[in-house]
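Notes follow once the structure below has been shown.
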Amino acid sequence: VTISAGSRRRPAIRRVTGTSPGLVLTGTTVALIYAYQVRYFAVAWNGIEPGFARITPAMDAAARSLGCGTAATFRRVHAPLLARSAAASLLLVFVDVMKELPATLVLRPFNFDTLATQAYSFARDERLAEAAVPSLAIVRTWRTTVTSSSTAVAAAGPLAMNNSASPPERAISAAAT
């Protein structure tokens with residue numbers, strides 16, 4: 001963003017702070033979190049989109065006719081219908097971020113190592129026995145995450161895989177109470 005100041009143009013950050021920003025955010029956790037958000041937004045969105053597909057405008061209208069405001073409609077109708085999709089998206093993104101290497105290597109702060117960067121550093125130095133520990137930790141975390149999510153789906157019963165797992169009538173009747 002540049003702002004015209006007379007005959008010359010100066011960046012907005014320089015105009016406000018009086019200094020050149022340079023590469024201020026490079027090597028910070030802010031840059032790393034932003035890179036993760038950009039990279040994994042599609043993964044999260046594709047996981048939560050089926051939950052949004054189950055919410056119809058008629059459900060909102062029914063909740064409003066029962067006296068629910070915007071916050072109450074979200075809490076009593078939308079949140080229960082989005083809970084499973086949001087949890088699945090969270091697990092997918094968590095596992096992917098845990099094993100992410102390129103963005104972490106480029107944007108990480110100094111002395112900030114993740115399991116993936118530790119495994120890479122040990123493997124690069126051909127210290128394979130030491131690289132096994134963080135690698136196995138990544139695999140174990142992935143396995144625990146997948147096992148717990150599949151156990152939760154199995155405990156929910158056979159209707160959990162169907163779009164009618166949380167019927168609109170149940171959500172709307174919950175909004176009425």
Side-chain angles (χ1 to χ4, degrees), residues 1-3 11-13 16-17 21 24-104 106-109 112 114-117 137-177:
V1 176
T2 58
I3 297 175
I13 293 175
V16 172
T17 63
V24 173
L25 295 178
T26 301
T28 64
T29 53
V30 173
L32 191 58
I33 290 171
Y34 179 73
Y36 287 158
Q37 286 177 340
V38 170
R39 171 123 164 73
Y40 293 111
F41 175 76
V43 173
W45 179 253
N46 287 336
I48 203 167
E49 191 174 18
F52 281 115
R54 294 190 336 205
I55 299 171
T56 63
M59 297 167 115
D60 288 341
R64 300 278 173 149
S65 69
L66 292 171
C68 290
T70 305
T73 300
F74 177 77
R75 187 178 67 251
R76 293 181 173 181
V77 178
H78 295 187
L81 293 172
L82 291 174
R84 285 190 177 276
S85 299
S89 292
L90 180 70
L91 291 175
L92 286 172
V93 170
F94 172 74
V95 169
D96 281 349
V97 166
M98 186 166 210
K99 62 186 177 106
E100 171 64 30
L101 186 61
T104 307
V106 172
L107 297 173
R108 69 187 169 127
F112 180 79
T114 63
L115 290 172
T117 57
I138 292 171
V139 171
R140 183 180 175 115
T141 303
W142 173 82
R143 181 176 164 243
T144 303
T145 304
V146 170
T147 303
S148 65
S149 64
S150 64
T151 303
V153 169
L159 289 178
M161 301 303 282
N162 190 350
N163 281 345
S164 64
S166 298
E169 296 83 20
R170 209 178 318 155
I172 292 172
S173 67
T177 58

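Legend: residues meeting side-chain hydrogen bond (donor to acceptor under 3.5 Å, both in side chains) with T104, ordered by chain and number and at least two apart, are Y36. In this structure, F112 has no ring pair (Phe, Tyr, Trp, His ring centres under 6.0 Å) partners at least two apart in sequence or on a different chain.
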Go through the steps to decide whether F52 and W45 satisfy the test side-chain contact (heavy atoms from CB on, under 4.5 Å), and finish with yes or no. CA-CA 10 Å; F52 281 115; W45 179 253; 3.8 Å; yes
I'd like to know whether V77 forms a side-chain contact (heavy atoms from CB on, under 4.5 Å) with I55, so could you lay out the CA-CA distance, the side-chain angles of the two residues, the decisive distance to 0.1 Å, and finally the verdict. CA-CA 8 Å; V77 178; I55 299 171; 5.5 Å; no
Determine, stepwise, if the pair E100 / Y40 fulfils side-chain contact (heavy atoms from CB on, under 4.5 Å). CA-CA 10 Å; E100 171 64 30; Y40 293 111; 2.6 Å; yes
Going through the distances and angles, do T114 and V97 end up as a side-chain contact (heavy atoms from CB on, under 4.5 Å)? CA-CA 10 Å; T114 63; V97 166; over 6 Å; no
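Note that CG of N46 is 9.0 Å distant from CZ of F41, once rounded to the nearest 0.5 Å. The structure places CG of L92 at 11.5 Å from CD1 of I48, a figure rounded to the nearest 0.5 Å. Expressed to the nearest 0.5 Å, how far CD of Q37 lies from CG of L32 amounts to 10.5 Å. For the atom pair CZ of R143 and OG1 of T141, the computed distance is 11.0 Å after rounding to the nearest 0.5 Å. To the nearest 0.5 angstrom, L115 atom CG is 11.5 Å from L101 atom CG.
When every heavy atom of K99 is checked against every heavy atom of I138, the shortest pair comes out as CB-CG2, 4.2 Å. Of all heavy-atom pairs between A63 and T73, the closest is CB-OG1, 3.8 Å. Nearest approach of A44 to S89, heavy atoms of both residues: O-OG, 3.0 Å.
Formation of a donor-acceptor pair under 3.5 Å by the S65 side chain with backbone atoms of A62 is found in this model. Distance alone, capped at 3.5 Å, places no donor-acceptor pair between the S85 side chain and the P50 backbone.
In this structure the side chain of M59 reaches within 4.5 angstrom of the side chain of L81, judged on heavy atoms.
Crowding of R64 atom CZ: a count of heavy atoms from other residues, nucleotides or ligands under 6.0 Å exceeding 12.
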